[in-house]
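In what follows, a single structure is set out as structure tokens and then discussed.
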Amino acid sequence: MRHTILAVGALAVAVLGIYQAPKIAIIFIGTFFQQVLIIANTTRKLDPSLLEAAQTLGAKNLALLFRVVVPGILPDLYKDMRILLGWAWTYLIVAELIGTSSGITWFITQQARYKNFDNVFAAIMIIGIIGLLTDLLLAWLGRRIFPWQRQAARA
């Protein structure tokens, strides 16, 4: 999929122009289809007995969706979205390679061109640190939002 996104880059610039739209399109295309598959897979993991119990109690389609399915998959879906955020960072770096004159990827490219590899490594480390800190923050937030998940993991 990633190679496809690289090939679509030039087409995105041709169709959407040279500003932010092709970058957003690349990030969207790069993550949307994985997101659909992950949501479908996470939804399949929901215990069918929860759905049966809700239907026995008279729940209809929308009630099943919003009162059983969404709350039932939300903790796992939150973890999945953390992973997809990492993929989005990858696509952001790829998207920044397309027709830009600013941004971290442009900086890395310019510094590499002039053989300032210490700046290149520093920029790459900054990207990694930002990604790590974002993931740690989201993990901490997930423990606060879904405290019962920690208890279930210990048992």
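Computed from a prediction, not measured in an experiment: that's the story for all the values here.
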Please examine the side chains of Met81 and Ile39, heavy atoms only from C-beta on, and report whether any two atoms are closer than 4.5 Å. yes
NZ (Lys79) and CG (Leu138) are apart, to the nearest 0.5 Å, by 13.5 Å
Ile127 and Ile108: CA distance, side-chain angles, deciding distance, side-chain contact (heavy atoms from CB on, under 4.5 Å) verdict: CA-CA 11 Å; Ile127 292 169; Ile108 290 170; 4.0 Å; yes
How long is the gap from CD1 on Ile124 to CD1 on Ile129, to the nearest 0.5 Å? 12.0 Å
Measuring from atom CD1 of Ile38 to atom CG of Asp80, what distance do you get when rounded to the nearest 0.5 angstrom? 5.5 Å
Any heavy-atom pair between the side chains of Thr105 and Leu92 that's under 4.5 Å? no
Test side-chain contact (heavy atoms from CB on, under 4.5 Å) on Gln34 and Leu37; report intermediate values, then the result. CA-CA 5 Å; Gln34 284 94 348; Leu37 294 173; 5.7 Å; no
Hydrophobic cluster identity match, Leu133 and Tyr78, side-chain contacts under 4.5 Å: no
Do you reckon Leu136 sits in the same ILVMFWY cluster as Leu141, going by side-chain contacts under 4.5 Å, direct or chained? no
Evaluate the side-chain contact (heavy atoms from CB on, under 4.5 Å) criterion for residues Thr43 and Leu77: first the C-alpha distance (whole Å), next the side-chain angles of each, then the deciding distance (0.1 Å), finally the verdict. CA-CA 9 Å; Thr43 304; Leu77 196 58; over 6 Å; no
Could you check if a side-chain atom of Asp135 sits within less than 4.5 angstrom of a side-chain atom of Leu85, using non-hydrogen atoms only? no
Out of Asp47, Ile73, Leu50, which residue meets the side chain to side chain contact (heavy atoms under 4.5 Å, CB included) rule with Val68? Leu50
Students often mix this up, so state it plainly: with edges at 30° and 60°, are the rings of Phe121 and Phe117 parallel, tilted or perpendicular? tilted
Hydrophobic cluster identity match, Leu62 and Leu46, side-chain contacts under 4.5 Å: yes
About how many Å separate CG of Leu132 and CG of Leu137, when rounded to the nearest 0.5 Å? 11.0 Å
Linked, directly or transitively: Trp140 and Leu74 (ILVMFWY side chains, under 4.5 Å): yes
When rounded to the nearest 0.5 angstrom, what is the spacing between CG in Asn116 and CD in Gln110? 10.5 Å
Report whether Tyr91 and Ile126 are members of the same hydrophobic cluster (ILVMFWY, side-chain heavy atoms less than 4.5 Å apart, transitive linking). yes
Which atom pair, heavy atoms only, marks the closest approach of Ala112 to Val120? N-CG2, 3.5 Å
With a cut-off of 6.0 Å (strictly less than), are more than 12 heavy atoms of other residues, nucleotides or ligands near CG of Asn61? no
Check whether any side-chain heavy atom of Gln55 lies under 4.5 Å from a side-chain heavy atom of Leu64, and answer yes or no. yes
Validation row: Trp89, Ile130 side chains within 4.5 angstrom (heavy atoms): yes
Quick one: are Arg44 and Asn41 in side-chain contact, heavy atoms under 4.5 Å? yes
How far does CG of Leu84 sit from OG1 of Thr90, to the nearest 0.5 angstrom? 11.0 Å
